[in-house]
Chemist: 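Below: one structure in C-alpha cells.
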Amino acid sequence: MQTIFSIAVDALAYGMVLFVISIGLSVTMGLMRVVNLAHGAFAMIGGYIASYAAHDLGLGYAVAVVAAVVATIIIAIPLERFLYRQIYGAPELTQVLMTIGITFCVIGIANYAMGPTLKTIPLAAALQGSADLGFRTIPVHRLFVILCGLVVAVSLWFAIDRTSFGVKLRASVDDAAMAAALGVRTEIIYAVSFAVAVGLAAFGGVVGAELLPVEPYYALRYMVTFLVVVSVGGAGSIPGALIACLLLGAIDTTGRYLMPEFGEFFFYLAVIAIICIFPRGLAGRAK
Amino acid sequence: MSPVFEVANLRKAFGGLAVTNDVSLAMAPGDRVALIGPNGAGKTTFVNLVTGNLSPDSGEVRLGGETVTAVNAIGRVKRGLVRSFQVTRLFQDMTPAEHVGLAILQRNGKTRKMFGNFLSMPDVMAEIDDLLGKLGLTPLMNRKVSEIAYGQQRLLELAVALALKPKVLLLDEPAAGVPQSDTGRIEQALADLPGDLAVLMIEHDMDLVFRFAKRVIVLAAGAIIFDGLPADVTRNARVREAYLGNYANASHIA
Amino acid sequence: MALVMNKENEGLPHRRGFVSRDLAGIMVIIAVAAVGYFAFPDNLALLTRMITIALLVLSLDLVTGYCGVATLGHAALFGSGAYAAGILSAHYGVNDPLLMLLAGIAGGAASGLLSGAIILRAHGLPQLVLSIALIHLFHEFANKASSWTGGSDGLSGIAPDPIFGLFEFDLYGQTAFFFGTALLLVVFALLRLLVRSPFGMLCRGIRQDPLRIRAMGGSPKAALIRMYVISGAVAGVGGALNAISTQVVGLDSLSFTQSAEALVMLVLGGTGSLFGALSGTIIFMLFEDYVSAANPFHWLTMVGALLIAVVLFAPKGLYGTAAALIVRRREQR
Amino acid sequence: DTIKVGVIGPFSGPFALQGKNFKAGIDAYMAVNGSKVGNDTVEIVYRDVPQADPAQSKALAQELIVKEKVQYLAGFYFTPDAMAVTPILKQGNVPMVVMNAATSAIVTKSPLVVRTSFTTWQTSTPIAKVAFDAGVKKVISVVSDYGPGIDAENAFKTGFEKAGGQVVEAIRMPLATNDFSPIMQRIKDSGAEGVFAFLPSGPTTLGFVKAYNENGLKAAGIKFFAPGDLTRESDLPALGDAALGIQTTFHYAVSHDSPENKAFVAAATKAIGNKAELSFPAVSAYDGMYVIYKMIEATGGKQDAEKAVDAVKGLAWVSPRGPVSIDPESRHITQNIYLREVAKTDDGTYINKEVKTFEKQGDPGLAAAK
Amino acid sequence: MPAISLEVDNLSAGYGPTRVLESISFSVPAGARLAVLGRNGMGKTTLLATLAGQTRRYHGHIRLGDLDVTAASSAARAHKGLGYVPQTRCIFPTLTVEENLFVGLKARPKTVLEEAYVMFPRLKERRRNLGNQLSGGEQQMLSTARTILGRPSVLLLDEPLEGLAPVICEELMAAFAELAKSGDMTILLVEQRIQSALDFADQVVILERGRLAWAGTPTDLSKDHEAVETFLGVGGLH
Ligand SMILES: Nc1ncnc2c1ncn2[C@@H]1O[C@H](COP(=O)(O)OP(=O)(O)OP(=O)(O)O)[C@@H](O)[C@H]1O
Ligand SMILES: Nc1ncnc2c1ncn2[C@@H]1O[C@H](COP(=O)(O)OP(=O)(O)OP(=O)(O)O)[C@@H](O)[C@H]1O
Ligand SMILES: CC(C)C[C@H](N)C(=O)O
Ligand SMILES: [Mg+2]
Ligand SMILES: [Mg+2]
C-alpha cells in the first residue's frame, strides 16, 4: 500500500515536471501551429543563463529564474522577428527543417560558449532537502515544481480560453489573413505568444533542471519527450497537456518500478494506444 | 418503378439539436428532385447521412433495394451513390484533367495499376475531353486548381461527380458561386445526364430549382414539410414563410 | 501582359515530356555516379553509403512527399531490411548478395506493413508521434533481441559472397559501389513509373484530401498501406545494401536519429519529387562529410545554418525551388 | 616519410567530450614525445562518427585506408564502430589500436586489434570484492540496458557470487531514463544492503546520484558501488557533494599520484584547454599513441600490420595510470584497477581519490565468454 | 458633391507571378453602393482582396477617405474603416460563433454582439457551436455579421448571398441598403445574381479579364444590351 502511494507521488511529481517543461511547446505547436523543435533549445538557454547567474554571478535562485526567463525572451525576439515569422503558416515539414536548424545552431553555440560539461543550478536553501510526507520523504524541490505546474496551468488556461487576447490568437492561427482583415494585428499577437512560449520554455528548463540536467545536447536529447507529451495531450489544449503529462508520467513511473527493463516499451505502447483511441490527442479538437 | 434509393425514418441529433428528424423518402430512376429549405435546416447533414459520411442515430438507407446503412461511404459510392460538396473539395495542385481522369480510373477500378498513365489510355482521355468540354473547362484543363477561379472550381466539382457515372447523384448547391452566365452549363450538363439516373439537388437559386426539378422537397428544422410538384410549392404558406419569402410572389416561374 | 486567360488553346497534356524526363533522370544518375567514381575513386565507401541513404530517402518520399504521411520513424523500414539481410548471412550462412537483397526487401516490406497499419491511424502531429513511438519500439526490440541482432554491439559476422561468384566486396568498395548504383537505377526507374501511374495519382489525391477520395469511392487507407509496403521494400533494398556493403548492422540503422536525418535530407531537397529526394541526400551528405572533416567541432552549427538558409531562401527545398524557378522562366518566355 | 594515423571518434555530437579527450591524449603524447619516430613524421587524420554508427565508421575507415593511406587506425569510442572495421584490417594491412570501446570480444574479431583502454568486465569485477569486503552480502544490481551495462551486471554478479555474496535482483533500465525515483523505490523494496550501478558517463549519472540521495537511500545506509564511468571527472563538478563518498573501481583517475601522470595531466590539460574536461579516454589515447610509436619503431616505418602487432605483444611500460602491459595472448591491456572514493580537495574541486589498488588485472570478460 | 470615400488609381495586382488586375481606376463617393460585376474568373474577388490588402499589388494607389492606404497592412486598413467579407467566408473553424463575432468587434464593447443576433437570429441559436459545425448558409451569415460588427465605413462584400435562402437574401439586401443609407457606409458588392445587385446598387462597374470594361448606373446598364451580352453573357435582364 505504502509502495503504491509512494509510486503515485513519484508519478505526480514526474508528470508535473514534464508539464512545466513542455507546456510552452503546446502554445507554439497547438496554438501558433509551429512545430517548434527548438523548444528544448530555449529551455536549455534558460538553464544556462540561470546556471551562469547563480554560479558565476552568485545571484539567488529566484533572481536567477527571473533573469533566465527575461534573458531567454530577449534572445528569442530577434529569432522570432527574422526566422520564425518566415515559417508561420508554412508546411509542417518546412517548420521542422527550420527549427531543427535553429536547434543545431544553438547546440553548437552553447557547446562553444559554455563547454560540453553538465551545468547545475544551485537551489535556494528553502527548496533543498526533503519533506516528510508521513509515509515517505520527497524532495522539497519536487513539491515546488508541482506548485509551479498548477499555477502555470491555471493561468495559461485562463489567458487562452477567457481573454480577448486568447480569442485573437486562436483566430489568427485559424486564418491569419482573415483575422488581419478584421483588424487583428497578427504580428503582435504572434510575437507576444511566442515570447510567452519561450518564457515558459526557459522557466521549465530552469525548474526542471534537477531532472533533466543542462548540457549542450539537452535540446536534442529531450526533443522527442516534449513532442510526445504535447501531442498526446492534444496540441494547444492546456488541460489536455496536463492530463497527458500526468498519465504518461504515471505509466512511465509505474512501468519503471514494475519492469524497468521494459520501461520504454510501456511508455511508447501507451503512446500508441492513446493516439489510436484518440487520434487527435486526449483533448484535441477537430480542425 | 421500384425505387433506386430509399430512406426510412432517418434521425440524427448533434447534442440536443435534432438536425434530421424522422426523414423518409424514396426516389425512382430518372427522378429530378430539388431539396430546399432554410439555412441550417439539415440538408447537408441529410446528404452526409445518406452517403455514409455521418452515421445516423436511427433509420435506414437503401440503394437499389439493398440496405446499406452498415456499408461505409466508399462502399456506397461503389454502389452508385455519388455526391458533390457544398464547399468545393478539390486537389489544389492537380489539374482538372487529372481530377476527371482520377475519377474515371477510380470508377473503372484502375487506380490499383502501378504502371502506365491515363495519358496513354485513349478511352479515358476522350471521356475527359468530352466531360470538360461540356462544362466549358477545356481551356483550363491543364492548370492547377489553385489557380482557377472559384466559380470554375464549382463546375469541376460537378465534373468529378459525373465522371463517376452514378446511379443516384446528390448535388449540394452545385450552382452556388457560379455566375448566371455559367449556370446554363450546369443545367445543360444535368439535362444531358442519362435518363435513368436519379438526381437530388440542394440549391438556393430558385430559378435553377424550378427549371430543373420535377419534384420539390422542403426540409425545415430537420423534417420534411412539403413533398410535391414545383407548381404547388410556391402556394404552400409554410414554405413561403420559412423559406421563399417574396420569391413566390414574383412571376419567375416560367 | 500576362493575363491568365491567355492559355486558352492549350491542348491535352503530352506524354513525351514525362518519358524524356525519365530518360534524363536515369542519365543524370549515371552521370553523377560516373563523376563520383572518377572524382573520388578512393572514397567509394562514402559514395556507397550515400546510395544506401538515398534509397531510404526515396522510400520516405513515397509516403511523405507523395502521400502526405508525416513520419519520423522511417528508419524502422530501413533497419528491418538491414537486419533481415544481415541475420540471413550471420546466423544462417546464406551469403549470396542477391538472396540477402531479397531478404532485405521482404523485411522492409513486412515492417512497412506493420508501420503503415499503425501510423495511418492518425494524422498530422499525432501521426508524427506515432511514428516516433514506433521507431523507439523497433529500436528497443532490436536491443533486447541481442542474440539475433547483437544488441548495442551491432550484428557482425556478415560475409557476403562475391556477386555472381565473380565480383568480391573488397576494401576498395568498387563492387559495392557498382552494385549500389545498379540498384538505385532500377529502383529509380520503377518509382518513376509508379508515381505517375494511376496508383500514384490516387496517392497524390489522398495527400491533399482523403475525404474527397472517399467520395470518389477510393479507400485512402488501403492505398496508403500498399504504398507503405512498397516504400518498405525500397527502404529494405537500402537496408540490405547497407548490410552487404558494410558487413555490420548497428542499432543506429533503426534509430530515431536516422529517421530524422532522412526526413531532413528529404525536406532539404524538396518533398514530392524523386529528384528532390536524391539531391537532398547528396547535398546533405556531401556537406556533412566536408564540414565535419574540415571542422568536426563546429559542423553542427554549420549544418544548422544550412537548414535555416534553405528554409529562408529555398522554401520548397533545393530541388523544388530550382525546378519552380525554371518552370517560371519557361513560362515567361 | 610521413606516417599517417587515422583516428575515428565522436568529435561532435553528444559524445564530443570523449572525442575531445582522445585528441587531448594524442596531442599530449605528441607534444611530449615529438612527432618524429626515427626518420618518419607521424601525422594524425581525424574522422568524426558522432554517435555509434558502424556503417559510417566503416566507410570512413575504408576512406582512411584507401585514400588517406593511413598505416594505423586508432580511436573508436563505441564498440560497434570498432567491430565494423575489424573485417577490413587484414586486407588493408593496418593495425587497429582501440582507445576506448570496452566490449571484451573486439580483440577476438581480428588479430590486428590492440586495446589500450579497458573493458567493462575489467573495471567492474574488482568492485564486487570491495562490496563483499565491506560487509555487504546482498546487493541489487542496476544497469543501463545496453551492451556495456549488461557486461557490468555479469561481471559484478560473477565476482560477487564467487566471493559469497548474493545479487538479490538485477535491474536493467533504459538508457534514456530521466526520473530514477521509481528505481530507487525498487532498490529500497528489494531489501538489499548495497547497490551496484552502471550508467555510462554523462547527464544521466547526475539524476541517478541525486535520486540516490534524495530518496533517502544514502540515509538508510544502502551502500553504493560502481565502476568509474559513473564518476567521470568531468561530471564531478555537477554531481557535487551528492557524490561524496561514492566508491568506484576504474583503471584511471586524473588525480593518480605519479610523476608520469603529473606530466601527462600537464600536457593533456594544455591540449584540452580546461582541466575539468579531462577524463579517462585521454589516457587510453595517450597510451595508444605510445603503442603506435612502438609499432612504427619496430617496423621501421614500413607498412606491416602483423609485424607491428607482434612487436607490442607483451610490451610493458609505465603509463600515467600506473604500470601496464599488453597481454600477448589477447592483445588487451593488463593494468592496475584502483578503488577510488569521491572526495573534495582543499581548493573545492572534486576528485576520485585512490584508496586501494588491484594490481595487474587482465580482462575477465574474455574468459567468461568462453 | 459628396466626399470620396474610396479611390483606386491605376491598380495592378495578382498572385505571385500571375497578374490578374490590370490598371484599374475608379472612385466611389461616400455612402454609394457600387456593384462590381463580371463573369467567372474575371478578377472580382482579386479586386476586393487587393483593396483589403490580401494579394500582391504591383503598382497603383488606394485611398481610403483622405488617407493613402496603399502601403498599409490588412489590419491597419481594417482599423481605418475597411471591412471585408470574403467569398470563401473564412470562418475561424475552431472558434465558437460568439468568438468569431468577437474578433470582428475591434474595440467595440462585447454587448453589441446583440446587433448581429438581431440581424441573424439563427446565429444566436448556434452561438456556442464551433465555426466548422455550421451549415453553409450559417457560415455566410456569420461572415457577414462579423464584419459588419466592426462598423466599417467602406464595406466590401464578395457574393454575400451565396448559399442563403431566398427569404434571408431579401432581408439581407434590405439590411445592406439600410446600412448604406443610415450608417453612412459605402458598399462594394460583388454578386452573381445580377438582378439583385442592380436593384441594390446606384453605380455599376464591370470587370473583363482584369480590366475595367464598363462603368455607369444600373439604368444605363439595363439599356446597354450589348454590354450585358458581351460582359455578362446573359441574354437580357428581367
Ligand atoms: N457536427 C455538428 N455539431 C453540431 N451541430 C452541427 C454539426 N453539423 C451541423 N450542425 C448543425 O446542424 C444544422 C444543420 O446543418 P446543415 O449543414 O445540414 O444545414 P443545411 O440545411 O445544409 O443549411 P445550408 O443551406 O445553410 O447549407 C445546422 O444548424 C448546423 O449548425
Ligand atoms: N491563388 C491564385 N493564384 C493564381 N491565380 C489565381 C489565384 N486565384 C485566382 N487566380 C486567377 O485569377 C483570375 C481571377 O480570379 P478571381 O477569383 O478574382 O475571379 P472572380 O471574378 O472573383 O471569379 P468568380 O466569379 O468565379 O468568383 C482567375 O482567372 C484565376 O484563375
Ligand atoms: C562504457 C563505455 C565507455 C563503453 C563504450 N561506449 C562502448 O561502447 O564500448
Ligand atoms: Mg448545406
Ligand atoms: Mg470571386
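All chains are named by letter (A, B, ...) in the order of the sequence lines, taking the proteins before the strands, and each is independently numbered beginning at 1.
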Chemist: Heavy-atom pairs under 4.5 Å with chain C are the metric here; pick the option from Leu93(A), Ile87(A), Ile107(A) that has the most.
Modeler: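 The candidate making the most pairs under 4.5 Å is Leu93(A).
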
Chemist: Can you list everything that forms a salt bridge (charged side-chain N to carboxylate O under 4.0 Å, His left out) with Arg226(C)? Sequence neighbours excluded, please.
Modeler: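 With neighbours one apart ignored, the set is empty.
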
Chemist: Identify which part of Val230(A) has an atom lying under 4.5 Å from any heavy atom of chain C, answering side chain, backbone, both or neither.
Modeler: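 No part of it gets close to chain C.
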
Chemist: Tell me, for Ile274(A) versus chain C, whether the close heavy atoms (under 4.5 Å) come from the side chain, the backbone, both or neither.
Modeler: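 Neither part.
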
Chemist: Evaluate the side-chain proximity of Leu58(C) to Leu191(C): yes if any heavy-atom separation is below 4.5 Å, no if none is.
Modeler: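 Yes, side chains in contact.
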
Chemist: Considering the options Ile238(A), Leu156(A), Leu169(A), which one meets the side-chain contact (heavy atoms from CB on, under 4.5 Å) requirement together with Leu31(A)?
Modeler: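 Running side-chain contact (heavy atoms from CB on, under 4.5 Å) over Ile238(A), Leu156(A), Leu169(A) with Leu31(A) returns exactly one hit, Leu169(A).
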
Chemist: Between Met98(A) and Leu307(C), is there a side-chain heavy-atom distance shorter than 4.5 Å?
Modeler: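 Heavy-atom side-chain distance check fails, nothing below 4.5 Å.
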
Chemist: Identify which of Leu300(C), Leu266(C), Val303(C), Leu137(C) forms the greatest number of heavy-atom pairs closer than 4.5 Å to chain A.
Modeler: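 It is Leu300(C).
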
Chemist: Counting only heavy atoms closer than 4.5 Å, note whether Phe82(A) contacts chain C via side chain, backbone, both or neither.
Modeler: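 Just its backbone gets close to chain C.
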
Chemist: Apply side-chain contact (heavy atoms from CB on, under 4.5 Å) to Cys203(C) and list each qualifying residue two or more places apart in sequence or on a separate chain.
Modeler: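 Scan of Cys203(C) (side-chain contact (heavy atoms from CB on, under 4.5 Å), adjacent residues dropped) gives Cys67(C), Phe199(C), Met227(C).
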
Chemist: Got a second to check how far Leu155(C)'s CG is from Trp148(C)'s CH2, nearest 0.5 Å?
Modeler: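 One gets 10.5 Å once the value is rounded to the nearest 0.5 Å.
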
Chemist: Go through the atoms of Phe256(C) and report whether side chain, backbone, both or neither lie under 4.5 Å from a heavy atom of chain A.
Modeler: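 The side chain, not the backbone.
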
Chemist: Find out whether Tyr83(C) and Leu254(C) are in side-chain contact, i.e. whether some heavy atom of one side chain is under 4.5 Å from a heavy atom of the other.
Modeler: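 Counting from C-beta outward, Tyr83(C) and Leu254(C) do come under 4.5 Å.
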
Chemist: If you define the side chain from C-beta out and look only at heavy atoms, does anything of Leu77(C) sit under 4.5 Å from Tyr228(C)?
Modeler: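 A side-chain contact under 4.5 Å exists here.
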
Chemist: Find the distance between CG (Asp153(C)) and CG (Leu251(C)) and round it off to the nearest 0.5 Å.
Modeler: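 Rounded to the nearest 0.5 Å, the CG-CG separation comes out at 9.0 Å.
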
Chemist: Taking side chain as everything from C-beta outward and backbone as N, CA, C, O, which of these in Ile102(A) sits under 4.5 Å from a heavy atom of chain C? Side chain, backbone, both or neither.
Modeler: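 For Ile102(A), heavy atoms of backbone and side chain both lie under 4.5 Å from chain C.
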
Chemist: Considering only heavy atoms, which portion of Val228(A) lies under 4.5 Å from any heavy atom of chain C: side chain, backbone, both, or neither?
Modeler: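 Both backbone and side chain.
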
Chemist: To see if you've got the definition right, give the donor-acceptor pairs under 3.5 angstrom between chain C and chain A.
Modeler:
residue, atom, partner, partner atom, Å
Lys144(C), NZ, Glu261(A), O, 3.1

Chemist: Only pairs of heavy atoms separated by less than 4.5 Å count here; which of Leu306(C), Leu312(C), Leu268(C) has the most with chain A?
Modeler: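 Max contact count across the listed options: Leu312(C).
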
Chemist: For the residue pair Phe226(A) and Leu37(A), establish whether any side-chain heavy-atom pair is separated by less than 4.5 Å.
Modeler: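 No, every pair of side-chain atoms sits at 4.5 Å or beyond.
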
Chemist: Going by side-chain contact (heavy atoms from CB on, under 4.5 Å), name the residues that satisfy it together with Leu113(C), two or more places apart in sequence or in a different chain.
Modeler: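 Scan of Leu113(C) (side-chain contact (heavy atoms from CB on, under 4.5 Å), adjacent residues dropped) gives Ile225(C), Val229(C).
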
Chemist: So which part of Leu263(C) gets closer than 4.5 Å to some heavy atom of chain A, the side chain, the backbone, both or neither?
Modeler: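 Just its side chain gets close to chain A.
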
